[in-house]
Amino acid sequence: MAIITLPYRYLERLTGTDRQTIIECIPMIGADIERIEEDHMDVEFFPDRPDLYSAEGVARAMRGFLGIEEGLPVYTVSHPGIAFSVDPGLASIRPCLGSAVIRNVNLDEEAVESLMGLQEALHWAIGRGRGKVAIGVHDLDAVTPPFHYIASPRHRSFVPLDFDREMTLDEILTDHPKGRDYAHLVEGFPRFPLIVDADDQVLSFPPIINSELTRITTATKNILLDCTGTDKKAVMMAVNIICTALAEAGATIEMVTVEGEEMPTLAPAERVVSVEECASLLGLPLSPADMARLLARMRFGAEPDGDSRVRVLVPCYRADILHDWDIFEDVAIAYGIENFDAALPAISTIAEEHPTMVIARAARSVMVGLGYLEMIPFTLTNERVIYEKMQRDPLPGTLRVLHPISEEQTVVRTDLLALLLEMLQANKHRELPQRLFAIGDVVEDCITYQKVAAVSIHPAADFSEAYAVADVFCRELSLSYTVAESADPAFIDGRRGDIIVDGKIVGVFGEIHPTVLNAFDLEHPVAAFALDLRAVPGYPVPPGTPSPGGR
Amino acid sequence: MDLTLNEKRLLVALESVGSADAATLANLMGTHREAVVQYANLASERGLVDVERHISRRYILTREGRAYAGKGLPERQVFESFENEIPMRDLQAHPLAKIAIGWMRKKGWVVIRDGVVQKTGSAVPGPDEAALARLGEGGAITDGEGVADLLRRGLVEEEETVTYTVSITPRGRELLARGLDLQEEVGTLTRDQILSGAWKDLPLRRYDVTKLPKRAYPGKTHPYQRLLDEMRRVLLDMGFTEIAGGIVQSSFWNFDALFQPQDHPAREMQDTFFLGERWPLPEGYERVRDMHEHGGETSSIGWGGTWSAAKAEQCVLRTHTTSLSIQHLVEHPEPPVKAFCIGRVYRREATDPTHLAEFEQLEGVVMDEEVDFRHLLGFLKEFYRKMGFEKIRFRPGYFPYTEPSVEPEVYVDGLGWVELGGAGIFRQEVTAPFGIEHPVLAWGLGVSRVAMLRLGLRDLRHLYRSDVEWVRQMPVYGGRR
């Protein structure tokens, strides 16, 4: 998430209010305060509100919320003087360009840093790591309009930011830190996107790096903004957010003509919304005037439209307004979440436990009655534990994750027994006897179902103990079963039995094989049993589990 | 005074000797020393005997020490192996030379000049050699000059023995003079003794209630399971139906059906466990596609761009139980619906004390004709109150599939306001494609957060890789409420 640094002094000046009010107000407009420091605070704003990723944007919202300045912020945009061409060759590479000229900026060190911070946060929130949108800001006075967004041969070279020598585009991708970070975004393109001026000087190699030539400093007076990307709507949203933030700080915005289109207009979008729909969603008695008043505090332009509607002008920087309900949420925030009367509706429903949970509950009570302690092992494990150490062949339906986060977590468990042996290993230093059981989900062929397993470790643990436990468990869960000698290699030959229900092996019990004990570093015999709970009468077909093979 | 039979027998044994050490008494009584000490301690609490504890130290040879006993210390052996002088090189051939040469020089027996070892003439046996000799004869000595040197050289070690002397007190003699009933006491009653009435005449052994019993460990459910069950109970009490389902979900149900845009960071492989498997899309998936592309028939503008069916077919380990909630609603479109789910969810996170790749999530949904935002807050308040959190407040929140959204916070003594879960009303972009016509209130909660608060855990991993001792010690009933 984007964490924004907000210096109090700057924010106090922009909002015209004091520090305490600011600190109290921030969580109420939707944000988490991460840290409160001497001269600033770090605040995490929600990812749907990139317009709050700058002190200027926060101040704009806060002035409304506190009633200092309400309604739609109006930004004047002067007529274009500069043109930008877009090379049709970019259509399959990085087709979209948004641009603006921002004049009379007044940048101190802090303001330069704030602008860079906003740019980075937007790269993350709207730009999806620069793939969808990449932003460049340039010192306009270092270059000569008109500008051209071109598909350039890869051997062109220029001096990238933070370097003092010319590099070819290919070199930048291998030798410049930013080049290495973002090379994957242009991988495989025959030509690379490039922005050049009238004299063919390079301004930028989007989405990778700008040229050192147009670096923004405290001396910069006029800015050329370029936003390139793959999605026109997102590109223009980035332009709007940056332009309006800088306009809040006193700059003036000038349109640029991109292939004949004059941009940005910074014009609001209009929505006519139903008061009744909002009132019933929020459970508030609202009139059109109430609603308009509340929306004005959230910096919407809003006026009653007849007696059942409100005409809303949505500021051009609001990326989160997709649906009328997004506007209704702002009504709720302006009303104050703390002012709602929490109430329980009169709905009559009769609860029902899930049938698998009913079975699990019964299974638990039997195992607890037998003196076993419950464990809740992880479901992610690896084949070494559940197959190799158990001397078992991997099940064909074992689910492997594509990009494991560690060697320990590569598959979803198909059985619980190995995980209980692992648990005994971790508890070797604890008093014996230890009797442990687990009930939980396993996955096979993408089907999730439940199993039970139990282990008992102590010097006298043997086949008879395992058989007795398996037998009483089955009887208590109304399983009519038969037993046959098992071939499960995790157990000792001649001391193992399969539990058979309706001709199918559904479980196993016996004495764990000494090789397996060695593999888990265990020093005493272990009596164990495991059972597929689907064998229990009344076990449901798992709902919500579509399966490729059908079931 | 109710003496145990063993105390009485101890007094009898002491009658003639008056005072003796525990080993002697053990012989007399036909038992072992530790038992005598135990009986004596009991009797001494009653003032019948005095028990004196002596600790004695003695020194015995170590393995290395034993090797030198009789033959002398290495320096003595080597010193005697040559006449007046010997070239260093030759002397080094002696097996003990390594140890001996240093000591000979230190003790001033030899000097080394130009590679030749020469005797100085004086080589009087020191106290260490005397001590070694005494040890060689007796096997052990209590102390004396030279022992400290041998201890430092690791040739002897200290051995501590504790002995007990028990003496009968005048009060004990008095009791003895009055005569003691030495009839055997009865521990466990037999069936015959109970049925025949013999128990009436038997001296039943009395047990000391101040001595703690052997600790017993019952079978138990896991403390975390008990917390999960408590939450299930709360929701069942509130009339919610329990749902459960698969760990494996298609991206369609995990993300797309919940209006999570296809380029959302949560859908990248860094954050979610993707699987090689694919699931066909359900019938009517086109309405979800349209919703993403342009907002379908609602007031939404959608996310724009082109929605990819292939991306939606890809399976994941469910990242939230909301994938089950939405499918439950699709299967039960008629109001009212009140359902909950507690299940494991997966995030591709490296494991550390506060982050796990899998953990439990609780989720509740309510769908009905007339429900609104106030009711969402009402359900949350009631749920948290039943979980023991009396103070709750709400802040605006953001979740991709709800609008409006809130973040509930509960007040915890010592911690202040703690964010505990998220809530909201399902977006129309989520409900409309499936023909769900009424508002759906939804809330979710990371159960492990509650577990940490309630079970006093600092490391989440202990829930899933538990110390048996911890599970044994955690009381089944915490005494809350």
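Convention: sequence-line order gives letters A, B, ...; per-chain numbering from 1.
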For the atom pair [atom1] ([X]) and [atom2] ([Y]), what is the distance rounded to the nearest 0.5 Å?
| X | Y | atom1 | atom2 | answer |
| --- | --- | --- | --- | --- |
| B:D229 | A:R364 | CG | CZ | 5.5 Å |
| B:L377 | A:L344 | CG | CG | 10.5 Å |
| B:Y217 | A:L373 | OH | CG | 10.0 Å |
| A:E352 | B:K338 | CD | NZ | 14.0 Å |

What part of [X] lies closer than 4.5 angstrom to a heavy atom of chain A: side chain, backbone, both or neither?
| X | value |
| --- | --- |
| B:K381 | side chain |
| B:E382 | side chain |
| B:F399 | neither |
| B:S405 | both |
| B:F340 | neither |
| B:I247 | both |
| B:D368 | side chain |
| B:V366 | side chain |
| B:Q314 | side chain |
| B:I243 | backbone |
| B:F240 | backbone |
| B:L380 | neither |
| B:V406 | side chain |
| B:F359 | neither |

Would you check if [X] and [Y] make a side-chain contact, meaning some heavy-atom pair closer than 4.5 Å?
| X | Y | value |
| --- | --- | --- |
| B:F379 | A:P345 | yes |
| B:F274 | A:V401 | no |
| A:L380 | B:F273 | yes |
| A:E431 | B:R215 | no |

Q: Report the C-alpha distance between A:W325 and B:T298 in whole Å, list the side-chain angles of each, state the deciding distance to 0.1 Å, and finish with yes or no for side-chain contact (heavy atoms from CB on, under 4.5 Å).
A: CA-CA 10 Å; A:W325 287 16; B:T298 68; over 6 Å; no

Check each atom of [X] against the heavy atoms of chain B and say whether the ones under 4.5 Å are side chain, backbone, both or neither.
| X | value |
| --- | --- |
| A:F328 | neither |
| A:T379 | both |
| A:K232 | neither |
| A:M423 | side chain |
| A:I333 | side chain |
| A:E422 | side chain |
| A:Q425 | neither |
| A:V273 | neither |
| A:A31 | backbone |
| A:S365 | neither |
| A:P404 | backbone |
| A:D326 | both |

Has [X] got a side-chain atom pairing as donor or acceptor with [Y]'s backbone, closer than 3.5 angstrom?
| X | Y | value |
| --- | --- | --- |
| A:R430 | B:V468 | no |
| B:E242 | A:H354 | yes |
| A:E374 | B:T221 | no |
| A:T349 | B:G239 | yes |

Q: Show the numbers, then the answer: is there a side-chain contact (heavy atoms from CB on, under 4.5 Å) between A:N427 and B:D467?
A: CA-CA 6 Å; A:N427 281 287; B:D467 185 343; 3.3 Å; yes

(Q) Applying the side chain to side chain contact (heavy atoms under 4.5 Å, CB included) criterion to B:V248, which one of A:I447, A:D445, A:V443 satisfies it? (A) A:V443

In terms of heavy-atom pairs under 4.5 Å with chain B, which of [options] leads?
| options | value |
| --- | --- |
| A:I337, A:I376, A:I439 | A:I376 |
| A:D231, A:L419, A:L399 | A:L399 |
| A:R271, A:Q409, A:R435, A:E338 | A:R271 |
| A:A343, A:A426, A:G131, A:G440 | A:A343 |
| A:D341, A:L370, A:L284, A:D330 | A:D341 |

Tell me whether the count of non-hydrogen atoms from other residues, nucleotides or ligands lying under 6.0 Å of [atom1] in [X] goes above 12.
| X | atom1 | value |
| --- | --- | --- |
| A:E407 | CD | no |
| B:E419 | CD | yes |
| B:R472 | CZ | yes |
| B:E469 | CD | yes |

Q.
Regarding A:D441 and B:R344, does a basic nitrogen lie under 4.0 Å from an acidic carboxylate oxygen?
A. no

(Q) Regarding B:E268 and A:R128, does a basic nitrogen lie under 4.0 Å from an acidic carboxylate oxygen? (A) no

Q.
Applying ring pair (Phe, Tyr, Trp, His ring centres under 6.0 Å), can you list everything that pairs with B:F373, at least two apart in sequence or on another chain?
A. A:F340

Q.
Test side-chain contact (heavy atoms from CB on, under 4.5 Å) on A:L402 and B:M269; report intermediate values, then the result.
A. CA-CA 9 Å; A:L402 282 184; B:M269 58 146 270; over 6 Å; no

Q. Can you list every salt bridge (charged side-chain N to carboxylate O under 4.0 Å, His left out) pair that touches residues 392-404 of chain B, not counting sequence neighbours?
A. A:D32-B:R395, B:R393-B:E409, B:R395-B:E407, B:R395-B:E409, B:E403-B:R427

Q: Begin with the C-alpha distance, continue with both residues' side-chain angles, and end with the deciding distance and a verdict on side-chain contact (heavy atoms from CB on, under 4.5 Å) for A:M375 and B:V471.
A: CA-CA 9 Å; A:M375 291 286 145; B:V471 181; 3.9 Å; yes

